[in-house]
Protein chains: 2
Amino acid sequence: MYYVVHMTFGKYIRDHRETLKKIDRRFSVRQVANRIGVEPAYLSKIERDEVAPPSEAKIRALAIELDKDEDMLLAMAGKVSSDLLEIIRKRPELFADLIRQLKSMPDHAILRISRDVRDGEW
Amino acid sequence: MYYVVHMTFGKYIRDHRETLKKIDRRFSVRQVANRIGVEPAYLSKIERDEVAPPSEAKIRALAIELDKDEDMLLAMAGKVSSDLLEIIRKRPELFADLIRQLKSMPDHAILRISRDVRDGEW
DNA sequence: AATAGTGTGTACTATGTAGTACACATGACG
DNA sequence: CGTCATGTGTACTACATAGTACACACTATT
């Protein structure tokens with residue numbers, strides 16, 4: 001999935017909204033804009049990357065609307081979920097060290113730690 | 001260390017700068033401000049919490065100046081280091097899951113994971 | 001007593017963030 | 001063939017962020 005790297009936030013939203021629109025006409029710019037609570041002209045500009053991605057709250061609404069992962073969409077917008085920031089800010093040195101350690105680790109290693117923690121192997 | 005919770009960014013900086021000033025007069029508001037690259041009046045306002053904490057770059061400079069942990073100082077300012085954000089944004093779902101898992105884990109468990117990863121037990 | 005340094009009050013500014021409001025041309029469709 | 005919906009251009013706005021610049025009164029030093 002090479003192309004994802006070059007995909008902007010706007011183009012990604014447009015692509016997926018258009019795909020949904022093909023089978024459901026309620027996915028027009030106007031109707032989606034209304035449902036997520038912004039002006040249609042604003043969503044149009046977002047989708048053409050004419051303006052920066054919207055706020056975290058609107059991105060979350062978009063993620064739900066388009067059935068995409070919220071953290072992934074936030075990341076495409078250059079943001080990190082505020083609940084994660086809060087967790088890190090409460091124990092900054094601990095989390096900073098761990099995250100920097102994990103920077104160079106492969107996906108499967110991080111997944112495994114997640115699973116081990118969840119399964120209570122600690 | 002209860003009081004730390006109620007300590008503001010400004011008060012924390014002021015306390016530590018004043019402590020250093022007692023044994024080294026180069027730690028005046030003016031001289032520290034000059035070294036970190038801001039106006040003295042601005043640092044004065046920061047220390048009295050009259051304005052919001054400064055930018056990440058200035059906080060880092062302050063951390064070095066006062067010999068404090070950068071991530072901890074950033075956290076007190078309500079921020080998270082941009083290098084950590086970048087790491088998370090590159091694999092948002094993986095890191096989001098892990099961090100939320102670790103939210104309720106005790107310090108020693110997180111420390112142990114850090115150590116295990118560093119020592120290559122993966 | 002002069003002067004050098006200190007902390008702070010007041011006023012101002014540039015840039016970024018996160019949008020709204022309305023008009024307009026085009027396209028779909030019953 | 002009229003009207004209803006669609007996407008978008010233009011203009012504008014409120015608030016936040018991250019500071020600067022200068023003047024002033026006080027303190028310490030020599």
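Chain naming here is simple, since letters A, B, ... match the order of the sequence lines and numbering starts at 1 in each.
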Spacing between A:Arg30 atom CZ and C:dA23 atom C1', to the nearest angstrom: 11 Å

Side-chain ion pair, B:Glu56 and B:Lys79, N-O less than 4.0 Å: no

Interatomic distance, B:Arg25 CZ vs C:dT6 C1' [rounded to whole Å]: 13 Å

Touch class at under 4.0 angstrom, heavy-atom based, for A:Arg26 against every strand present: nothing

Whole angstrom value for the distance that separates C1' of C:dG7 from CD1 of B:Ile13: 17 Å

Flag, side chain of B:Asp71 to backbone of A:Ala96, donor-acceptor distance under 3.5 Å: no

Check ion pair A:Lys22-A:Glu18 (N to O, under 4.0 angstrom): no

Out of C:dG19, D:dT6, C:dA18, whichever nucleotide has its closest atom nearest the side chain of A:Ser55: C:dG19

Earlier contact from the 5' end, DNA chain C, for A:Ala52 and A:Glu39: A:Ala52

Gap between atoms CD and C1', on B:Glu56 and D:dT17 respectively (whole Å): 14 Å

Touch class at under 4.0 angstrom, heavy-atom based, for A:Val38 against every strand present: sugar-phosphate

Options D:dG19, D:dG7, C:dG7, nucleotide nearest the side-chain atoms of B:Lys58: D:dG19

Nucleotide nearest B:Tyr42 (side chain, heavy atoms from C-beta), chosen from C:dT6, D:dT6, D:dA18: D:dA18

Contact under 4.0 Å: B:Gln31 side-chain N or O vs C:dG5 OP1/OP2: no

Toward the 5' end of DNA chain C, by each residue's nearest nucleotide, B:Lys21 or B:Lys45: B:Lys21

Residue A:Ala41, side-chain heavy atoms: nucleotide from C:dA21, D:dG7, C:dG9 that is nearest: C:dA21

A:Asp49 CG - D:dG7 C1' separation (whole Å): 16 Å

Separation of atom CD in B:Glu18 from atom P in C:dG7, rounded to whole Å: 7 Å

Donor + acceptor pair across side chains of A:Ser114, B:Asp97 (<3.5 Å): no

Euclidean distance, atom CG of residue B:Leu43 to atom C1' of D:dA18 [Å, nearest integer]: 14 Å

OP1 or OP2 of D:dT8 under 4.0 Å from side-chain N/O of A:Arg48: yes

Side-chain N or O of B:Ser44 closer than 4.0 Å to phosphate OP1/OP2 of C:dT8: yes

A:Glu50 CD - C:dA18 C1' separation (whole Å): 15 Å

A:Ser28 versus A:Arg17, side-chain donor and acceptor atoms under 3.5 Å: no

Side chain of A:Arg14 (C-beta onward), nearest among C:dG19, D:dG7, C:dG7: D:dG7

